[in-house]
Amino acid sequence: MVKDIIKAIDALKNTAVARCRERIEEAAQKARVLRGGSPAEDEKKHPCSSEPQCGVTSILKRRHGL
């Protein structure tokens with residue numbers, strides 16, 4: 001039962017973080033447009049985060065935001 005609760009909390013946390021990242025990206029795009037650049041300008045492509053990563057650094061980044 002404890003594992004189920006932890007899984008549910010992790011899922012909620014991941015959803016909240018994803019929403020925050022989307023909002024930050026939208027705000028950054030609006031700032032780029034207001035600055036006079038195109039929305040696609042300065043945009044860097046990030047690797048897909050849906051793929052599981054097994055490295056210690058990637059786990060720390062995902063878990064603690066390092």
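Residue Glu25 is tested with Glu22, Arg23, Gln29 for a side chain to side chain contact (heavy atoms under 4.5 Å, CB included); the sole match is Gln29.
Clustering of Ile, Leu, Val, Met, Phe, Trp and Tyr side chains at separations under 4.5 Å leaves Leu12 isolated, with no partner residue.
Scanning for side chain to side chain contact (heavy atoms under 4.5 Å, CB included) contacts around Ile24 gives an empty result, with sequence neighbours left out.
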| Where do Glu26 and Arg19 land on the salt bridge (Lys or Arg N to Asp or Glu O under 4.0 Å) test, with the steps shown first? | CA-CA 11 Å; Glu26 288 173 4; Arg19 287 181 186 167; over 6 Å; no
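Note that the CG atom of Asp10 and the CD1 atom of Ile5 stand 12.0 Å from one another [nearest 0.5 Å].
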